[in-house]
Number of protein chains: 2
Amino acid sequence: MKKLSPAEENYLKAIYHLLEEGLEKVSTNEIASLIQTSAASVSDMLKKLAEKELIHYKKYQGVSLTELGDKTALHIIRRNRLWEVFLVEKLKFSWDEIDTIAEELEHVNAPLLVRRLDEYLGFPKFDPHGDPIPDEFGELSSKPRIALGDVPAGQSGKIVAVNNSSAAFLKYLDKVGVYIGAKVAVLDRIEFDGSLELLIDGQKKVFVSKEVSANIQVMLHPS
Amino acid sequence: MKKLSPAEENYLKAIYHLLEEGLEKVSTNEIASLIQTSAASVSDMLKKLAEKELIHYKKYQGVSLTELGDKTALHIIRRNRLWEVFLVEKLKFSWDEIDTIAEELEHVNAPLLVRRLDEYLGFPKFDPHGDPIPDEFGELSSKPRIALGDVPAGQSGKIVAVNNSSAAFLKYLDKVGVYIGAKVAVLDRIEFDGSLELLIDGQKKVFVSKEVSANIQVMLHPS
DNA sequence: ATTTAATTTTAGCCTAATCTAAAAAAAGTA
DNA sequence: TACTTTTTTTAGATTAGGCTAAAATTAAAT
């Protein structure tokens, strides 16, 4: 398999992330809006990716990843997340500064580099956002998770990931004291607007909107 | 100043390295042969670099770097050499494996990343080949050096750099026991072919050809 | 000083990745 | 069902970087 261009890698990654949302197929427009480009450009690229057998593609019918495409996307994501760990653990970046840098580093495709980096970081299983890091073979160590918005009042858990990693969202979380690894208890659910009253680390009480709570992933504590 | 493409950065770096050899101006063909491309491509690119005021260029007259071009080249070289230090010091690569990887990493242009990396590595002044690392402002801490081939018999010094970093050359040096930092004494110069008899670290005697000795830089010990 | 050789530039073409505008297909609606 | 709207694809350009072949310029050598 010939080495992919950064552009091709970005498309694959985008398709992978959209498929993660649960759907069977991804549309041209969804991809275009995720990577901020025109639908025409996406159409062109889909033809090339299909040519290389990275995606299943029939005109007008949306796309999904082939085995090869899936494996390839996971390798790209692996590189991205390992660099994110490096940036936070070693270079002391905060988790709202790393995304754009990691997006550049992820395209440096040198298998030995990735293996050595993984080893140097102590084979981390999750990145600073709490997302799992695929191993060399593209395997994810998945643990049961639930959106904070779906946690019943009275339950508590640990924050393990955020779905939305826009700088604005991450800054907001930082402000209200929510971070990966924090213990969180759902004190109350406000029926009126679906917002939640939370207790962070057993100390700080905050309110978060329904929208925010839907974008935070937790592992429930055995209750 | 708009961000440069990897291709533009490679041209600048090539021009910088060729100018290092002492000449006033660099020719199109020299650049073409260094970066393994056609003279026509070089001509095209020179026009673009001149447009951006990175080089002084008059048709058929060769090129040199402007102030801006020089500063820019030094930033690229800084990134390259910092990553080389990272690869050797932290990821335990050997110095004959790092060139191609560092050439990819050097194009990731994020000023904060470079500063943090520099700090993390302890503000190294030389890379694993012994070449100096420019600081944030493009300043080189230069020390007096001399080619091993120009060291008189009887003198000794420390190996601080190699000019030629082809894998073959580096492998050869490894084999004969020559490495950056090694103490080297010139025992004898063979008039017949200009080869040298060396004593490495006061223990190992080896012969090296004139060609090899011309490509090894040493700092003389005060004699 | 001319002619020959080497170097450098231009001209014209190619591929990758993007765009806008227009055409084609699918989906939604009266 | 037929019409309208949305989505997707195609057509035709553009830009960056590269190529080969031919023309222009400089350098070398009778």
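What you see below is based on every heavy atom in this structure, not just the backbone, and it leaves out hydrogens, waters and symmetry mates. Since we're looking at a predicted model, the values are computed, not measured. Letters A, B, ... are given to chains in the order of the sequence lines, protein chains preceding strands, and every chain is numbered from 1.
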Is there a donor-acceptor contact under 3.5 Å linking the side chains of A:Asn29 and A:Ser27?
no

Starting at atom CG of A:Leu4, determine the distance to atom C1' of C:dA17, rounded to an integer number of angstrom.
15 Å

For B:Ser27 and C:dT8, is the shortest distance between a side-chain N/O and OP1 or OP2 below 4.0 Å?
yes

Hey, is the side chain of B:Lys59 poking within less than 4.0 Å of OP1 or OP2 on C:dT7, counting only N and O atoms?
no

When every non-hydrogen atom of A:Arg116 is compared with those of B:Lys92, the smallest separation belongs to NH1-O, 3.3 Å

Please tell me which of the listed nucleotides, C:dT8, C:dA26, C:dA17, lies nearest to the side chain of A:Lys48?
C:dA17

Quick check: are there more than 12 heavy atoms from other residues, nucleotides or ligands sitting under 6.0 Å from CD of B:Glu53?
no

Please find the earliest and latest nucleotides of DNA chain D, in the 5' to 3' direction, that have an atom within less than 4.0 Å of any heavy atom of chain B.
D:dA16 to D:dT26

Return the orientation label for the A:Phe86 and B:Trp83 ring planes: parallel under 30°, perpendicular over 60°, tilted otherwise.
tilted

Surrounding CD of B:Glu51 (heavy atoms of other residues, nucleotides or ligands, distance under 6.0 Å), is the total greater than 12?
no

What's the closest nucleotide to the A:Tyr60 side chain, out of C:dA16, C:dT8, C:dA26?
C:dA26

Per atom distances to the A:Glu8 side chain, the nearest of C:dC19, C:dA24, C:dA17 is C:dA17

Go through the side-chain N and O atoms of B:His75 and B:Asn109 and say whether any donor and acceptor fall under 3.5 Å apart.
no

A:Lys90 to A:Tyr120 six-membered ring, cation-pi geometry met (6.0 Å, 45°):
yes

Using a strict heavy-atom distance below 4.0 Å, which residues from residues 28-43 of chain A are in contact with DNA chain D?
A:Thr28, A:Asn29, A:Ala39, A:Ala40, A:Ser43

